[in-house]
Amino acid sequence: MTHIYDWFSFPQYFSVSCPKCSAEARASELPNLKNVNNELVRYKQEVVSGSFKCEVSCLKCGYQSDSTEIDWVDDAYWRFEVKGKILWAWSKEHALTIRDYLASTDRREEGFGVYRASLLHLPKHFKLSKHRAAAVKSIDNVIAQHI
Ligand SMILES: [Zn+2]
């Protein structure tokens, strides 16, 4: 089951699973609205979810395309199972930021720079006191598998 974040700002680059080898591949920002399916809502810089075409390049297998169909959030590379819902991140750095945010005692978004907006819109499910430790553990486990 996938939980879609209500609103977030797409960064210029984000990680997707390579369509060829499933390794972490780099995807570029959405090129324009023409590629966006109706399910995807774009409001200024904010996106809810859906499929769109973007540039993808994979360092591992050399896959490269400027019109790869991405189904967000299913194709997000950094995904973490937390008590029945999927927490995702744009990048490893973003995942670590979410982890640090959830692990912090006061959870003030101000100190998290470019990811502040995404933290503000993190679903409640992951912020619940009974789920936070599981979220932190899940992020740590997944990242440990990719070192
Ligand atoms: Zn690849």
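All ligand and atom numbering here is 1-based and tracks the order in the structure. On a predicted model such as this, the values are computed, not experimentally measured, just so you know. Because only heavy atoms are used, hydrogens play no part in the values below, and waters and symmetry mates are left out as well, while side chains stay in.
Between the side chain of Ser22 and the main chain of Ser17, no donor-acceptor pair closer than 3.5 Å is present.
Here the side chains of His146 and Lys92 are not in contact, with every heavy-atom distance at 4.5 Å or above.
His125 and His131 have tilted rings, their planes meeting at an angle from 30° to 60° on a 0 to 90° scale.
For the residue pair Thr68 and Tyr63, a side-chain donor N or O sits within less than 3.5 Å of a side-chain acceptor on the partner.
Note that CZ of Phe112 is 8.0 Å distant from OH of Tyr101, once rounded to the nearest 0.5 Å.
Here salt bridge (Lys or Arg N to Asp or Glu O under 4.0 Å) pairs that include residues 16-28, with residues two or more places apart or in two chains, number zero.
Counting only protein N, O or S atoms, the number found under 2.8 Å from the Zn ion (ligand 1) is 4.
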